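A short worksheet on the structure shown next.
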There are 2 protein chains.
Amino acid sequence: MPTSDNSSPPVYREIAEELRSAITSGSLADGDRVPGENELMRRYGVARATARQALSLLIHEGVVVAVRGSGVYVRAFRPLRRHGPRRLSRELWGNGRAIWQADSGQRTFQTDTVEVTEIDAPEHVARALSLAAQERVFKRRRRHLLDERPMQLAASYLPVELATGTVITEPDTGPGGVYARLGELGYGPAHFTEEIRVRMPTPEESEQLHLEPGTPVLDVMRTALTEQRRPVEFTEMTLDGSAYVLQYDFDA
Amino acid sequence: MPTSDNSSPPVYREIAEELRSAITSGSLADGDRVPGENELMRRYGVARATARQALSLLIHEGVVVAVRGSGVYVRAFRPLRRHGPRRLSRELWGNGRAIWQADSGQRTFQTDTVEVTEIDAPEHVARALSLAAQERVFKRRRRHLLDERPMQLAASYLPVELATGTVITEPDTGPGGVYARLGELGYGPAHFTEEIRVRMPTPEESEQLHLEPGTPVLDVMRTALTEQRRPVEFTEMTLDGSAYVLQYDFDA
DNA sequence: CAGTGGTCTAGACCACGCA
DNA sequence: GCGTGGTCTAGACCACTGA
């Protein structure tokens with residue numbers, strides 16, 4: 001019985017390993033078809049569940065995608081580049097020093113489901129904006145699409161006393177967006193702090209971002225501060241991890 | 001037969017959903033035991049494979065961990081904070097504005113498996129350092145531990161002509177590390193650029209970082225440049241995604 | 001309509017933990 | 001030594017793709 005004798009990996013891991021190295025070695029390229037369940041059953045003489053387990057491993061590692069009724073395919077990574085401090089990055093940019101090649105060319109950006117509400121500040125938002133717990137804030141929620149594909153969910157929060165009665169409470173905030181409007185009100189952001197963490201998505205996020213299994217998301221939390229370091233806006237973004245490379249440039 | 005009638009989710013997803021909401025609602029707290037396979041079989045009247053599939057989903061989402069011979073438990077998230085431009089961040093720091101609380105207090109950092117070799121520059125390294133392909137570079141490989149726990153794999157690359165004959169080629173580079181030594185040689189880093197992406201780990205990385213299933217990793221690629229914007233060092237780091245929060249501060 | 005992946009059942013043996 | 005999760009088999013029906 002080939003369960004697993006002493007200290008040798010289980011069968012499904014060995015099958016996965018062979019497929020994985022075929023992919024990393026390049027003998028299977030991006031988009032290529034990978035041997036499916038039936039093929040693996042034949043080739044290795046295993047039950048269907050075992051073949052599926054091997055494929056499941058690769059799917060959860062994000063190296064392949066399964067398409068119902070069609071087959072299993074090698075997955076590509078073609079990210080969009082997101083700059084932190086953009087102004088600084090351009091000068092560094094021309095030298096061809098990028099590690100991951102980002103998609104370029106003309107692409108269409110869209111934003112859908114803009115929604116503005118006034119709510120009690122959640123605890124972490126109150127902390128970020130230096131507000132008392134439960135103080136009222138405006139919340140602006142939206143989803144960003146690139147070439148029709150959703151890649152980012154975002155929600156911004158602003159203290160009510162800054163936003164009330166301004167265009168900030170409207171879905172469309174006009175040229176330059178919220179930051180430009182804050183500037184006109186004398187609260188122009190001068191400093192930013194961003195916190196990044198990684199995790200696997202919730203099922204809701206998977207659905208809204210059309211994520212393949214095995215795709216992590218990035219949480220980016222940005223606080224915008226005035227020259228006097230008063231926090232005026234807080235944004236939490238959830239990014240499709242397979243769609244982004246984040247770039248930050250700074251000085252010693 | 002409850003396979004899945006029109007447009008209702010499969011059984012294992014519904015089981016997972018119930019467990020997930022018990023966790024997010026707080027009725028199951030960090031470290032609490034989650035109903036295991038046998039319990040789910042009884043409670044929902046499903047086969048073992050179906051109960052396992054539900055748990056597998058949660059495991060791959062990173063919300064629970066399975067411990068062989070013991071049970072399934074709610075997973076905690078206690079990150080370490082990693083600052084990009086540290087100097088700037090300190091002033092922002094005291095205000096209690098952090099979104100995720102980072103572990104503080106005395107913790108022990110260690111580095112093991114330091115390994116220095118001279119190799120042909122891989123393609124992406126050559127690009128980062130503005131070298132011709134295959135030029136020789138020194139590679140410094142290491143693993144960083146926090147409280148005995150591995151959390152980061154790192155490899156740095158330096159052009160041979162900068163490092164040859166210096167302490168940079170030794171395992172221990174002395175106080176201030178490689179950057180201090182580069183400074184003494186007249187190549188002190190003044191600018192940095194970091195590129196970040198997310199992905200699921202390879203099995204080797206899972207093993208070296210002791211990663212639970214459902215834990216993504218962060219790839220951080222940093223290039224250090226002199227005042228004249230000459231690239232002098234390139235570092236690629238792979239971080240345990242469950243162990244880190246990255247922080248970047250910058251000005252408008 | 002043949003082939004693919006998705007869900008589900010019923011059963012087996014194993015390695016490990018913990019009391 | 002019982003209960004836990006880990007691996008594996010054999011077989012069923014389903015939903016979907018694509019020629």
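To find a chain, count down the sequence lines: A is the first, B the second, and so on, and within it residues start at 1. Since this is a predicted model, take the numbers as computed values, not measurements.
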Using side-chain heavy atoms (C-beta onward) and a distance below 4.5 Å, is B/R75 in contact with B/S242? yes
Distance-only side-chain donor-acceptor flag, [X] / [Y], under 3.5 Å:
X	Y	result
B/Y44	B/E18	yes
A/Y248	B/E195	no
A/S156	A/R142	yes

Kindly say whether A/L211 contributes a backbone atom to a donor-acceptor pair with the side chain of A/T215 at under 3.5 angstrom? no
With 3.5 Å as the limit, what N/O pairs link the protein to nucleotides 10-12 of chain C?
from   : atom 1 : to    : atom 2 : distance (Å)
C/dA12 : N6     : B/R48 : NH1    : 2.8

Does anything in [range] reach DNA chain D, meaning a heavy atom under 4.0 Å, and if so which residues?
range	result
residues 50-61 of chain A	A/T50, A/Q53
residues 68-75 of chain B	B/R68, B/G69, B/S70, B/G71, B/V72
residues 33-42 of chain B	B/R33, B/G36, B/E37, B/N38

Pairs meeting criterion salt bridge (charged side-chain N to carboxylate O under 4.0 Å, His left out) with involvement of residues 204-218 of chain B, two or more places apart: B/R199-B/E205
Tell me which pairs pass salt bridge (charged side-chain N to carboxylate O under 4.0 Å, His left out) where either residue lies in residues 42-62 of chain B, with sequence neighbours left out. B/R20-B/E61, B/E37-B/R48, B/E37-B/R52, B/E39-B/R42, B/E39-B/R43
Is any side-chain N or O of B/Y12 closer than 4.0 Å to OP1 or OP2 of C/dT7? yes
Taking all non-hydrogen atoms of both residues, which atom of A/A54 and which atom of A/Y12 are closest, and how far apart? CB-O, 3.4 Å
Minimal heavy-atom distance between B/P216 and A/V198, with the atoms involved, is CG-CG1, 3.7 Å
Below 30° counts as parallel, above 60° as perpendicular, anything between as tilted: where do the rings of B/H124 and B/F234 land? perpendicular
Compute both the distance and the angle, then confirm whether B/R197 meets the cation-pi test with A/F77: under 6.0 Å from the six-membered ring centre, within 45 degrees of the axis. yes
State which residue, out of B/T173, B/T235, B/T117, fulfils the side chain to side chain contact (heavy atoms under 4.5 Å, CB included) condition with B/R140. B/T173
